[in-house]
Amino acid sequence: MSGITLRELAGIEVERLKGVGDKKRAALAAVGITNVLDLITTYPRRWVDRTNEARIADLVPGEEALVLATVRTVRGRRTRNRRSMVTVGVGDGSGRMEVVFFNQPWRERQLREGLPVALFGKADTYRGGLQMANPIVDLIGDRTGRIVPIYPQSEKAQLNTWEMAAWVEEALRRCDERGIADPVPASVRERLGLEDRGAAFRHIHVPDEIQQKEFARRRLAFDELLRVQLVLVLRKRAMEREQLGIEHVVDGELLGRFYDVLPHDLTAAQRRTIAEILEDLAGPHPMHRLLQGDVGAGKTVVAVAAMLAAVQGGHQAALMAPTEVLAEQHAAGVRALLADVTVPDPGNLFGDRPLRIELLTNRVTGADRKDVMAGLADGSVDVAIGTHALIQEAVDFHSLGVVVVDEQHRFGVEQRAALRDKTTAAVVPDTLVMTATPIPRTAAMTVYGDLDVSVLDELPPGRTPIVTKWANGPLLEAEVWADVREQVAAGRQAYVVCPLIEESEKLEVASAQQTFDRLLNGELAGLRMGLLHGRLGAADKEATMELFRAGRLDVLVATTVIEVGVDVPNATVMVILDADRFGIAQLHQLRGRVGRGEHASRCWLVTQQTDESSPRVEALVATADGFELAEVDLDLRGEGTLMSSAQKGRSDLKLASLRRDRKLVELAREAAFEIVDADAHLDDHPDLADELDLIFSDRDEEFLSRS
Ligand code: ADP
Ligand code: MG
């Protein structure tokens with residue numbers, strides 16, 4: 001008989017386990033556990049190794065240790081400054097100590113006389129005895145065994161870790177006879193040194209040796225990652241197989257003309273990326289490619305090359321930006337870049353015709369709008385640049401060949417798909433997604449795993465690197481304002497970014513106004529200053545931006561509204577106030593507003609005086625490389641912030657961490673390609689297919705259908 005599959009385990013309700021009656025069933029359901037699969041994939045949060053425990057008598061003051069002890073006394077009171085304080089006396093065979101909990105009044109109810117507890121913390125001497133303050137407490141029940149798994153406990157749901165352990169053990173014991181099936185091909189398991197799945201489940205829950213849980217974790221984390229990668233790779237291969245695209249002309253004259261008018265040589269990275277894209281475009285299947293490139297890496301040129309490839313074959317191209325300001329900026333930039341490029345027109349006796357580039361946002365109205373729409377429909381518009389207005393119902397393209405989506409993270413997946421569907425032809429246009437938010441490689445494999453990835457990892461030559469400094473406290477801040485005045489005196493311009501106030505735009509605007517007033521009447525008196533924030537109307541914003549662009553303002557005080565896309569090469573100083581409130585990616589984006597011209601630029605990160613380290617600020621000072629910063633960010637914040645919570649919840653990653661398991665992500669992706677390329681529909685891997693179906697189908701329509 002073959003082993004028990006995950007689907008079978010999912011079919012066994014928890015009531016079938018000993019001691020699970022109505023009450024416990026409800027308690028388990030409250031934490032999302034309704035069947036045996038849920039139960040055994042609820043992993044211990046820690047493991048207590050009894051052979052490593054210290055006796056109270058052996059505790060060394062100042063060192064962290066784990067002790068197993070029994071509660072003797074519990075006493076709660078309020079301190080003079082009204083904090084709650086619970087004092088618990090504990091003892092083991094060797095001695096006694098006092099444990100105090102501040103601001104955890106519920107400990108008085110949780111800890112009762114006679115209860116065995118595992119305490120992890122630092123003991124100190126206090127009034128001649130030993131005391132541990134706010135240790136980690138695990139209620140372990142009076143269980144024997146060398147290694148005790150500690151499950152996530154829920155006070156409210158009334159589940160104890162020892163009950164969980166008992167149910168898990170019972171469930172695993174019942175699987176013993178048939179064993180748990182292992183659908184991962186033996187060749188993959190052997191190559192990667194992965195233990196059998198059944199053994200892994202046993203070893204993660206009830207390890208005989210503490211190291212066993214590590215092997216088990218690696219195996220089970222691999223399974224999670226493999227499932228995600230299989231879904232993405234299956235999807236990617238299916239798109240490649242099934243979607244019919246346009247075989248674009250990539251060696252036509254138009255592209256050549258474009259290269260000829262470029263004021264600069266392409267960087268090697270631009271050349272490589274364009275080659276990757278053109279190869280996709282020439283192929284019969286639509287491109288789905290992500291272009292990652294740091295701020296200022298020169299993505300626009302790459303995008304334009306892709307769009308011209310479509311145009312030279314008689315198709316249209318669209319570029320979609322997340323905001324009207326950005327769309328307008330793109331339109332101006334692309335028009336300037338292509339001003340002297342005409343389209344070879346064999347049907348025309350006089351040879352060439354001009355390129356038609358049109359802007360479509362909600363600000364384009366009336367007759368202009370009608371005109372653009374008609375041009376999109378009859379094919380006379382070659383390149384359309386716009387916002388989400390491009391994907392509205394009424395917009396029809398004659399033959400959309402290439403779609404470029406800028407700053408993808410601001411768009412929903414559905415929007416991308418909608419733009420691709422905007423064509424009357426039966427073919428799917430090629431899609432290029434551009435992002436300036438660097439994502440660590442392995443994270444990109446998971447978040448964008450169904451896309452091919454090109455990386456622009458080289459800045460155009462001639463940039464003067466931005467010097468970044470941390471102004472820690474008022475003394476250094478004075479230096480910042482002196483620097484601003486000096487730069488302005490030399491004819492340059494500066495940005496001042498006001499503190500981020502996440503909770504309230506109103507407060508943020510008020511604080512920006514305050515900063516503006518303070519600087520205007522104080523440190524920066526006499527300079528020409530403008531203020532930009534989210535509560536200004538579009539026209540006011542644009543007017544202020546225009547003044548700054550034209551050099552008629554020296555200093556632009558702004559909230560983060562200037563984060564993306566603003567391009568003023570004469571601005572050489574970026575001052576970010578309360579910089580420690582911003583995330584790494586945001587600081588990096590803001591910093592990218594300077595260093596765009598010939599003059600040396602600097603970025604000041606201002607914080608309140610502090611003796612503590614500020615890892616994000618320090619990271620920005622240490623490097624200007626967006627990818628390096630993305631890695632630091634991932635280390636500091638974890639992957640939760642990378643994938644939207646929806647993606648994370650849906651992606652079944654309980655053990656695997658994109659941060660910890662970088663190598664494993666790559667191995668899982670490789671294995672997924674190996675499996676799918678040999679067996680496109682998983683016909684020879686029915687158990688694996690069934691597992692994907694089980695884990696992703698009902699709750700994950702959206703995850704599966706993302707593109
Ligand atoms: P991104 O969109 O990647 O942030 P852009 O496409 O806006 O960057 O380019 C940033 C600046 O670099 C622009 O002023 C552009 O003209 C310039 N640039 C792009 N490619 C090159 C190159 N190969 N050599 C010199 N300058 C370049
Ligand atoms: Mg850009």
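Atoms within a ligand are numbered from 1 in the order they appear, just like the ligands themselves. Only heavy atoms go into these numbers, but all of them, side chains included; no hydrogens, no water, no symmetry mates. What you are looking at is a predicted structure, and each value in this text was computed from that prediction instead of being measured.
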- prompt: Is the shortest distance from a Lys or Arg side-chain nitrogen in Glu358 or Arg356 to a carboxylate oxygen in the other one below 4.0 Å?
  reply: yes
query: Can you say whether the rings of Tyr495 and Phe548 are parallel (under 30°), tilted (30 to 60°) or perpendicular (over 60°)?
result: tilted
- prompt: In terms of atom number and element, which parts of ligand 1 are under 4.0 angstrom from non-hydrogen atoms of Thr267?
  reply: 23 (N)
query: For ligand 1, which atoms have a heavy atom of Leu266 less than 4.0 angstrom away?
result: 23 (N)
query: So, Asp540 and Arg535, do they make that salt bridge, N to O below 4.0 Å?
result: no
- line: Any heavy atom of Lys299 under 4.0 Å from ligand 1? The part involved is both
message: Quick test of your reading of the structure: of Gly298, Gly597, Ala269, Pro263, whose heavy atom lies closest to atom 8 (O) of ligand 1?
response: Gly298
Side-chain ion pair, Glu546 and Lys541, N-O less than 4.0 Å: no
- prompt: Looking at ligand 1, does any of its N/O atoms fall within less than 3.5 Å of an N/O of Pro460?
  reply: no
- prompt: Ion pair present between Arg662 and Glu631, side-chain N to carboxylate O less than 4.0 angstrom?
  reply: yes
Carboxylate-amine/guanidinium contact Arg353 Asp382, below 4.0 Å: yes
statement: Under 4.0 Å between heavy atoms, the region of Gln270 that gets near ligand 1 turns out to be side chain
task: Rounded to the nearest 0.5 Å, what's the gap from CE on Met529 to CG on Leu519? Could you check?
output: 5.0 Å
message: Suppose I only count heavy atoms of Asp265 and a 4.0 Å limit; which atoms of ligand 1 are within that range?
response: 22 (C), 23 (N), 24 (N)
field: Thr300 neighbourhood, listing ligand 1 atoms whose heavy-atom distance to it stays under 4.0 Å
entry: 2 (O), 5 (P), 6 (O), 7 (O)
- request: Using non-hydrogen atoms of the residue, decide whether Gly293 is closer than 4.0 angstrom to ligand 1.
  value: no
message: Can you tell me which residue among Leu355, Asp340, Leu337 is in a side-chain contact (heavy atoms from CB on, under 4.5 Å) with Phe258?
response: Leu337
- line: Atoms of ligand 1 under 4.0 Å from any heavy atom of Asp294, numbered from 1 in the order shown, are 3 (O)
field: Nitrogen or oxygen atoms of Gly296 and ligand 1 under 3.5 Å apart
entry: yes
